[in-house]
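These notes concern the structure reproduced below.
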Amino acid sequence: MPVDLLDLNRIPRHIACVMDGNGRWAQTRGLPRTEGHRAGEHSLFEVVDASLEIGVEWLTVFAFSTENWRRPRDEVRFLINFNEEILVRRRDELNERGVRIRFVGRRDWRVPKRLIRRMDEASGLTAKNRTLTFTIAFNYGGRAEIVDAVRRIAASGVAPEKITETTIARNLYDPEMPDPDLVIRTSGEYRISNFLLWELAYSELVFTDTPWPEFQRREFFAAIREFQDRDRRFGGVDGGD
Ligand code: FPP
(Lines give C-alpha, C1' and ligand atoms only; values in the text may rest on other atoms or scores of the structure.)
Protein backbone atom coordinates (compact mmCIF):
# COMPACT_ATOMS: atom_id res chain seq x y z
CA MET A 1 0.00 0.00 0.00
CA PRO A 2 1.87 3.08 -1.21
CA VAL A 3 1.70 6.36 0.67
CA ASP A 4 -0.07 8.17 -2.20
CA LEU A 5 -3.23 6.13 -1.57
CA LEU A 6 -3.59 7.81 1.84
CA ASP A 7 -5.63 10.93 2.45
CA LEU A 8 -2.92 13.11 3.99
CA ASN A 9 -5.57 15.45 5.39
CA ARG A 10 -6.99 12.65 7.55
CA ILE A 11 -3.97 11.08 9.15
CA PRO A 12 -4.80 9.75 12.62
CA ARG A 13 -3.29 12.01 15.27
CA HIS A 14 -2.50 9.15 17.62
CA ILE A 15 -1.77 5.57 16.55
CA ALA A 16 -1.16 2.80 19.08
CA CYS A 17 0.33 -0.60 18.19
CA VAL A 18 0.26 -4.01 19.85
CA MET A 19 3.41 -5.51 18.35
CA ASP A 20 2.23 -9.11 18.51
CA GLY A 21 3.56 -12.31 16.93
CA ASN A 22 7.32 -11.95 17.34
CA GLY A 23 7.67 -15.24 19.20
CA ARG A 24 5.50 -17.25 16.80
CA TRP A 25 7.22 -15.71 13.77
CA ALA A 26 10.58 -16.92 15.09
CA GLN A 27 9.31 -20.34 16.11
CA THR A 28 7.85 -21.09 12.68
CA ARG A 29 11.35 -20.44 11.31
CA GLY A 30 13.01 -22.71 13.84
CA LEU A 31 14.56 -19.72 15.62
CA PRO A 32 14.46 -18.87 19.32
CA ARG A 33 11.56 -16.54 20.26
CA THR A 34 14.03 -13.80 21.12
CA GLU A 35 15.06 -13.59 17.45
CA GLY A 36 11.48 -12.57 16.73
CA HIS A 37 11.81 -9.63 19.10
CA ARG A 38 15.08 -8.66 17.41
CA ALA A 39 13.37 -8.75 14.02
CA GLY A 40 10.56 -6.66 15.54
CA GLU A 41 12.92 -3.73 16.07
CA HIS A 42 13.13 -3.23 12.32
CA SER A 43 9.34 -3.10 12.03
CA LEU A 44 9.13 -0.69 14.94
CA PHE A 45 11.48 1.76 13.27
CA GLU A 46 9.72 1.39 9.91
CA VAL A 47 6.58 2.49 11.74
CA VAL A 48 8.41 5.38 13.44
CA ASP A 49 9.88 6.49 10.07
CA ALA A 50 6.51 6.22 8.33
CA SER A 51 4.82 8.15 11.14
CA LEU A 52 7.34 10.97 10.76
CA GLU A 53 6.85 10.94 7.00
CA ILE A 54 3.06 11.35 7.09
CA GLY A 55 2.82 13.57 10.16
CA VAL A 56 1.42 11.29 12.85
CA GLU A 57 1.75 13.29 16.09
CA TRP A 58 1.55 10.52 18.68
CA LEU A 59 2.71 6.91 18.32
CA THR A 60 2.41 4.47 21.23
CA VAL A 61 3.71 0.91 21.33
CA PHE A 62 3.17 -1.92 23.80
CA ALA A 63 6.73 -3.02 24.61
CA PHE A 64 6.19 -4.96 27.87
CA SER A 65 3.00 -5.64 29.75
CA THR A 66 2.39 -6.16 33.47
CA GLU A 67 1.49 -9.74 32.46
CA ASN A 68 4.74 -10.36 30.53
CA TRP A 69 6.56 -11.10 33.82
CA ARG A 70 4.89 -14.53 33.60
CA ARG A 71 7.05 -15.49 30.61
CA PRO A 72 10.09 -17.75 31.06
CA ARG A 73 12.81 -15.98 33.03
CA ASP A 74 15.24 -15.90 30.13
CA GLU A 75 12.72 -14.22 27.83
CA VAL A 76 11.84 -11.63 30.49
CA ARG A 77 15.53 -10.90 30.99
CA PHE A 78 16.02 -10.65 27.24
CA LEU A 79 13.11 -8.22 26.82
CA ILE A 80 14.35 -5.96 29.62
CA ASN A 81 17.89 -5.87 28.25
CA PHE A 82 16.64 -5.45 24.69
CA ASN A 83 14.47 -2.48 25.59
CA GLU A 84 17.39 -0.88 27.41
CA GLU A 85 19.72 -1.56 24.49
CA ILE A 86 17.31 -0.05 21.95
CA LEU A 87 16.89 3.07 24.07
CA VAL A 88 20.64 3.62 24.31
CA ARG A 89 21.33 2.75 20.68
CA ARG A 90 18.48 4.77 19.16
CA ARG A 91 17.92 7.75 21.44
CA ASP A 92 20.29 10.17 19.65
CA GLU A 93 18.89 9.42 16.21
CA LEU A 94 15.32 9.81 17.51
CA ASN A 95 16.29 13.05 19.20
CA GLU A 96 17.82 14.44 16.00
CA ARG A 97 14.61 13.67 14.17
CA GLY A 98 12.47 15.62 16.62
CA VAL A 99 10.98 12.63 18.41
CA ARG A 100 9.92 13.06 22.03
CA ILE A 101 10.23 9.77 23.92
CA ARG A 102 7.83 9.11 26.77
CA PHE A 103 6.87 6.11 28.87
CA VAL A 104 3.66 4.86 30.40
CA GLY A 105 3.51 2.03 32.90
CA ARG A 106 4.25 1.15 36.52
CA ARG A 107 7.70 2.44 37.35
CA ASP A 108 7.82 1.46 40.98
CA TRP A 109 7.12 -2.24 40.59
CA ARG A 110 9.69 -4.78 39.40
CA VAL A 111 11.42 -2.62 36.75
CA PRO A 112 15.20 -2.66 37.30
CA LYS A 113 16.62 0.68 38.48
CA ARG A 114 19.09 0.80 35.60
CA LEU A 115 16.28 0.61 33.04
CA ILE A 116 14.37 3.36 34.87
CA ARG A 117 17.53 5.48 34.62
CA ARG A 118 17.76 4.82 30.87
CA MET A 119 14.09 5.70 30.45
CA ASP A 120 14.58 8.97 32.32
CA GLU A 121 17.66 9.76 30.22
CA ALA A 122 15.78 9.16 26.96
CA SER A 123 12.74 11.16 27.99
CA GLY A 124 14.91 13.97 29.42
CA LEU A 125 17.06 14.18 26.28
CA THR A 126 14.03 14.43 23.99
CA ALA A 127 11.63 16.36 26.23
CA LYS A 128 11.62 19.50 24.10
CA ASN A 129 10.90 17.75 20.80
CA ARG A 130 7.49 18.14 19.24
CA THR A 131 7.48 16.44 15.82
CA LEU A 132 6.33 13.04 17.06
CA THR A 133 5.67 11.84 20.59
CA PHE A 134 6.75 8.22 20.78
CA THR A 135 5.31 6.61 23.90
CA ILE A 136 6.64 3.27 25.04
CA ALA A 137 4.25 1.30 27.23
CA PHE A 138 6.60 -0.60 29.53
CA ASN A 139 5.41 -2.61 32.52
CA TYR A 140 2.06 -1.32 31.41
CA GLY A 141 -1.41 -2.70 32.11
CA GLY A 142 -4.63 -0.85 31.37
CA ARG A 143 -6.33 -2.01 34.56
CA ALA A 144 -3.23 -1.20 36.62
CA GLU A 145 -3.27 2.30 35.10
CA ILE A 146 -6.88 2.81 36.17
CA VAL A 147 -6.14 1.41 39.65
CA ASP A 148 -3.15 3.76 39.99
CA ALA A 149 -5.30 6.71 38.90
CA VAL A 150 -8.05 5.80 41.39
CA ARG A 151 -5.47 5.47 44.18
CA ARG A 152 -4.10 8.93 43.44
CA ILE A 153 -7.58 10.42 43.33
CA ALA A 154 -8.56 8.75 46.62
CA ALA A 155 -5.32 9.93 48.25
CA SER A 156 -6.05 13.51 47.16
CA GLY A 157 -9.17 13.46 49.34
CA VAL A 158 -11.52 14.67 46.61
CA ALA A 159 -15.24 14.25 47.37
CA PRO A 160 -16.68 11.22 45.48
CA GLU A 161 -19.42 13.26 43.80
CA LYS A 162 -16.77 15.59 42.36
CA ILE A 163 -15.07 12.75 40.48
CA THR A 164 -15.78 12.87 36.76
CA GLU A 165 -14.31 11.26 33.65
CA THR A 166 -12.00 14.26 33.42
CA THR A 167 -10.69 13.56 36.95
CA ILE A 168 -9.76 10.05 35.90
CA ALA A 169 -8.24 11.15 32.58
CA ARG A 170 -6.09 13.70 34.40
CA ASN A 171 -4.70 11.04 36.69
CA LEU A 172 -3.64 8.56 34.03
CA TYR A 173 0.10 7.96 33.48
CA ASP A 174 0.34 10.68 30.81
CA PRO A 175 -2.53 13.14 31.10
CA GLU A 176 -1.33 14.97 27.98
CA MET A 177 -1.65 11.91 25.75
CA PRO A 178 -4.68 12.20 23.47
CA ASP A 179 -6.87 9.10 23.10
CA PRO A 180 -5.69 6.90 20.22
CA ASP A 181 -7.62 7.35 16.99
CA LEU A 182 -6.36 4.02 15.69
CA VAL A 183 -5.16 0.89 17.48
CA ILE A 184 -3.38 -1.72 15.36
CA ARG A 185 -2.81 -5.30 16.52
CA THR A 186 -0.74 -7.66 14.41
CA SER A 187 -0.58 -11.43 14.14
CA GLY A 188 -4.20 -12.47 13.95
CA GLU A 189 -5.19 -12.03 17.61
CA TYR A 190 -8.47 -10.19 18.08
CA ARG A 191 -7.98 -8.95 21.62
CA ILE A 192 -7.06 -5.78 23.45
CA SER A 193 -4.99 -7.61 26.10
CA ASN A 194 -5.20 -4.87 28.72
CA PHE A 195 -3.76 -2.12 26.47
CA LEU A 196 -4.94 1.49 27.02
CA LEU A 197 -8.33 0.39 28.34
CA TRP A 198 -9.53 3.84 29.34
CA GLU A 199 -8.07 5.64 26.34
CA LEU A 200 -9.38 3.44 23.55
CA ALA A 201 -13.10 3.85 24.31
CA TYR A 202 -13.69 5.34 20.84
CA SER A 203 -10.61 4.17 18.93
CA GLU A 204 -10.89 2.40 15.61
CA LEU A 205 -9.39 -1.08 15.91
CA VAL A 206 -7.53 -2.63 13.00
CA PHE A 207 -6.40 -6.25 13.23
CA THR A 208 -4.07 -7.82 10.71
CA ASP A 209 -2.79 -11.37 10.30
CA THR A 210 0.72 -10.12 9.50
CA PRO A 211 3.12 -10.97 12.35
CA TRP A 212 4.90 -7.92 13.77
CA PRO A 213 8.33 -8.77 12.24
CA GLU A 214 6.70 -8.61 8.79
CA PHE A 215 4.71 -5.48 9.53
CA GLN A 216 6.48 -2.87 7.42
CA ARG A 217 5.67 0.53 6.04
CA ARG A 218 3.20 -0.75 3.43
CA GLU A 219 1.24 -2.74 6.05
CA PHE A 220 1.20 0.33 8.31
CA PHE A 221 -0.20 2.47 5.49
CA ALA A 222 -2.80 -0.21 4.71
CA ALA A 223 -3.99 -0.08 8.34
CA ILE A 224 -4.29 3.72 8.11
CA ARG A 225 -6.22 3.38 4.83
CA GLU A 226 -8.62 1.01 6.59
CA PHE A 227 -9.04 3.64 9.32
CA GLN A 228 -9.74 6.29 6.70
CA ASP A 229 -12.44 4.13 5.12
CA ARG A 230 -14.32 3.95 8.42
CA ASP A 231 -16.96 6.29 9.66
CA ARG A 232 -16.31 7.63 13.16
CA ARG A 233 -19.44 8.81 14.92
CA PHE A 234 -18.39 8.80 18.61
CA GLY A 235 -21.85 7.58 19.61
CA GLY A 236 -23.64 10.19 17.50
CA VAL A 237 -25.27 9.89 14.09
CA ASP A 238 -24.02 10.99 10.68
CA GLY A 239 -24.71 14.65 9.97
CA GLY A 240 -25.49 15.34 13.64
CA ASP A 241 -23.65 18.04 15.58
C1 FPP B 1 4.87 -9.54 21.41
O2 FPP B 1 5.26 -10.69 20.71
C3 FPP B 1 5.96 -8.55 21.54
C4 FPP B 1 6.59 -8.23 22.71
C5 FPP B 1 6.25 -8.87 24.00
C6 FPP B 1 7.67 -7.21 22.81
C7 FPP B 1 8.14 -6.57 21.55
C8 FPP B 1 9.21 -5.61 21.86
C9 FPP B 1 9.96 -4.97 20.94
C10 FPP B 1 9.79 -5.17 19.48
C11 FPP B 1 11.01 -4.01 21.41
C12 FPP B 1 10.40 -2.70 21.80
C13 FPP B 1 11.43 -1.83 22.39
C14 FPP B 1 11.29 -0.49 22.59
C15 FPP B 1 12.41 0.26 23.24
C16 FPP B 1 10.08 0.24 22.19
P17 FPP B 1 5.01 -12.10 21.39
O18 FPP B 1 6.28 -12.58 21.99
O19 FPP B 1 3.84 -11.98 22.33
O20 FPP B 1 4.64 -12.98 20.17
P21 FPP B 1 3.77 -14.33 20.23
O22 FPP B 1 2.34 -13.87 20.41
O23 FPP B 1 4.04 -14.91 18.90
O24 FPP B 1 4.26 -15.14 21.36
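Computed from a prediction, not measured in an experiment: that's the story for all the values here. Residues take their numbers from the sequence shown, with the count starting at 1. Just so you know, ligand 1 is whichever comes first in the structure, and atom 1 is the first atom listed for that ligand.
Inspection of the Asn22 and His37 side chains reveals an N or O donor paired with an N or O acceptor under 3.5 Å. For the 3.5 Å distance criterion, the side chains of Thr126 and Arg91 fail to qualify, holding no donor opposite an acceptor.
Cation-pi geometry between Arg100 and Trp58 is satisfied (NZ or CZ under 6.0 Å from the ring centre, within 45° of the ring normal). Both cation-pi conditions hold for Arg90 and Phe45: the charged atom is under 6.0 angstrom from the six-membered ring centre and inside a 45 degree cone around its axis.
Counting non-hydrogen atoms of other residues, nucleotides and ligands closer than 6.0 Å to CZ of Arg29 gives a total above 12.
Nearest to atom 15 (C) of ligand 1 among the protein's heavy atoms is Asn83 OD1, 3.4 Å. Atom 7 (C) of ligand 1 has Asn22 ND2, 3.4 Å as its closest protein atom, hydrogens excluded (heavy atom only). Regarding atom 4 (C) of ligand 1, its nearest protein heavy-atom neighbour is His37 CE1, 3.9 Å. Among protein heavy atoms, atom 23 (O) of ligand 1 sits closest to Arg24 N, 2.6 Å. Among protein heavy atoms, atom 6 (C) of ligand 1 sits closest to Ala63 O, 3.4 Å.
Taking NE2 from His14 and CD from Glu57, the interatomic distance works out to 11.0 Å, rounded to the nearest 0.5 Å.
Taking the six-membered ring where the residue is Trp, the centroids of Phe138 and Phe64 are separated by under 6.0 Å.
Between Trp212 and ligand 1, not a single N/O pair is under 3.5 Å apart. Residue Phe62 places no N or O, backbone or side chain, under 3.5 Å from any N or O of ligand 1.
The heavy atom nearest to atom 11 (C) of ligand 1, out of those in Phe82, Phe64, Phe78, Trp25, is found in Phe82. Residue Leu44 holds the heavy atom nearest to atom 16 (C) of ligand 1 of all those in Leu87, Val88, Ile86, Leu44. Between atom 18 (O) of ligand 1 and the options Glu75, Arg71, Arg118, the minimum heavy-atom separation is to Arg71. Among Met19, Arg89, Arg91, the residue whose heavy atom lies nearest to atom 8 (C) of ligand 1 is Met19.
Note on Arg217 versus Glu46: no salt bridge recorded, every NZ/NE/NH1/NH2 to OD/OE distance being 4.0 Å or above.
For Arg33, the heavy-atom gap to ligand 1 drops under 4.0 angstrom. Under a 4.0 Å heavy-atom criterion, Ser187 is not in contact with ligand 1.
Residues Phe207 and Ile224 fall into different hydrophobic clusters, defined by Ile, Leu, Val, Met, Phe, Trp and Tyr side chains chained together at heavy-atom separations under 4.5 Å.
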